Amino acid sequence: MSRVIAIDGTFASGKGTLGKRVAAHYGFKYLDTGKLYRATAYAMMKAEQDLSDPDAAAKAAAGLDAGALNDPALKSGDVGAAASKIAVHTPVRAALLKFQRNFAKIKPGAVLDGRDIGTVICPEADVKLYVDARPNVRAQRRFKELSGYGEDTSVEIVLAQLIERDSRDKSRAQAPLKAADDAHLLDTSDLDIDGATAAAIAIIDAVLGR
Ligand code: DC
């Protein structure tokens, strides 16, 4: 039987690192679904296309190849902000749906992280986690990460971007970021990555009866 673990949450909540670690712990495959939106946005940026054009965005999403997902350029703050903008388009979300649902069928199990995994992509997931942390904690984390890539920014700028991004992701009409009714909430504000991983595994083990 194949298992699905859905991890949704806010920007820089730690869900990506958590997703990778949880997948490694259970021997499951891991998909960072944000990369699909980032790669779509990046393809449009390179082609100097208008991010507010739903048809151009849907074409870019449909034309993605696996190699595009591994481009280090996807990690930048600008690409992340652009990803949040093209993610509001219904045809973009439709174009990316099948790939995510197919990934979720991989045996013995799959961990997907994103914004709408537990609510739209895999509503039947075995376990759903909703990860969040206080905005100032997330801003500090993301600032450290971006500085590591050599990006010239500040905690204040990152905090402002984060508030804007959360608000766009939560208020869009299609598949907004929200916890599924049956999601387990995990606040990582006062946890380091080992603590957050242990907390996630405790929840998952309890739900799966391990
Ligand atoms: O997780 P991330 O920061 O890489 O995601 C970038 C943007 O992509 C995010 O702000 C909104 C969008 N996204 C989405 O709408 N649905 C997902 N499942 C994953 C990401």
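Note that the structure is predicted; figures quoted are calculated from it, not measured. Any value given below was found using the heavy atoms of this structure, including those in side chains, with hydrogens, waters and symmetry copies removed. Just follow the structure's listing: the first ligand is 1, and inside any ligand the first atom is 1.
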Closest non-hydrogen atom pair, A175 against V120
CB-CG2, 3.8 Å
Taking all non-hydrogen atoms of both residues into account, name the closest pair between A104 and V4 and its distance.
O-CG2, 3.3 Å
Around [atom], find the nearest protein heavy atom and jot down its residue, atom name and distance.
{"atom": "atom 6 (C) of ligand 1", "answer": "R165 NH1, 3.5 Å"}
{"atom": "atom 10 (O) of ligand 1", "answer": "D169 OD2, 2.7 Å"}
{"atom": "atom 8 (O) of ligand 1", "answer": "Y37 CB, 3.4 Å"}
{"atom": "atom 1 (O) of ligand 1", "answer": "R115 NH1, 2.8 Å"}
{"atom": "atom 12 (C) of ligand 1", "answer": "A87 CB, 3.7 Å"}

Show the atoms of ligand 1 that are less than 4.0 angstrom away from any heavy atom in R93.
14 (C), 15 (O), 16 (N)
Which of the ligand 1 atoms, numbered from 1, are nearer than 4.0 Å to a heavy atom of K15
1 (O)
Looking only at distance, does [X] have an N or O less than 3.5 Å from an N or O of ligand 1?
{"X": "T33", "answer": "yes"}
{"X": "R38", "answer": "yes"}
{"X": "D116", "answer": "yes"}

S84-D169 side chain donor-acceptor pair, cut-off 3.5 Å
yes
Is there a chain of hydrophobic side chains (I, L, V, M, F, W, Y, each step under 4.5 Å between heavy atoms) that links [X] to [Y]?
{"X": "I117", "Y": "I204", "answer": "no"}
{"X": "Y37", "Y": "L69", "answer": "yes"}
{"X": "F103", "Y": "L64", "answer": "yes"}

If you count every heavy atom of other residues, nucleotides or ligands that lies below 6.0 Å from D192 atom CG, does the total exceed 12?
yes
Less than 4.5 Å apart, side chain to side chain, heavy atoms only: is that true for Y42 and K35?
no
Less than 4.0 Å is my threshold; does some heavy atom of R168 fall inside it relative to ligand 1?
no
Given that the side chain starts at C-beta and the backbone is N, CA, C, O, which of these parts of R172 lies under 4.0 Å from ligand 1, counting heavy atoms, or is it both or neither?
side chain
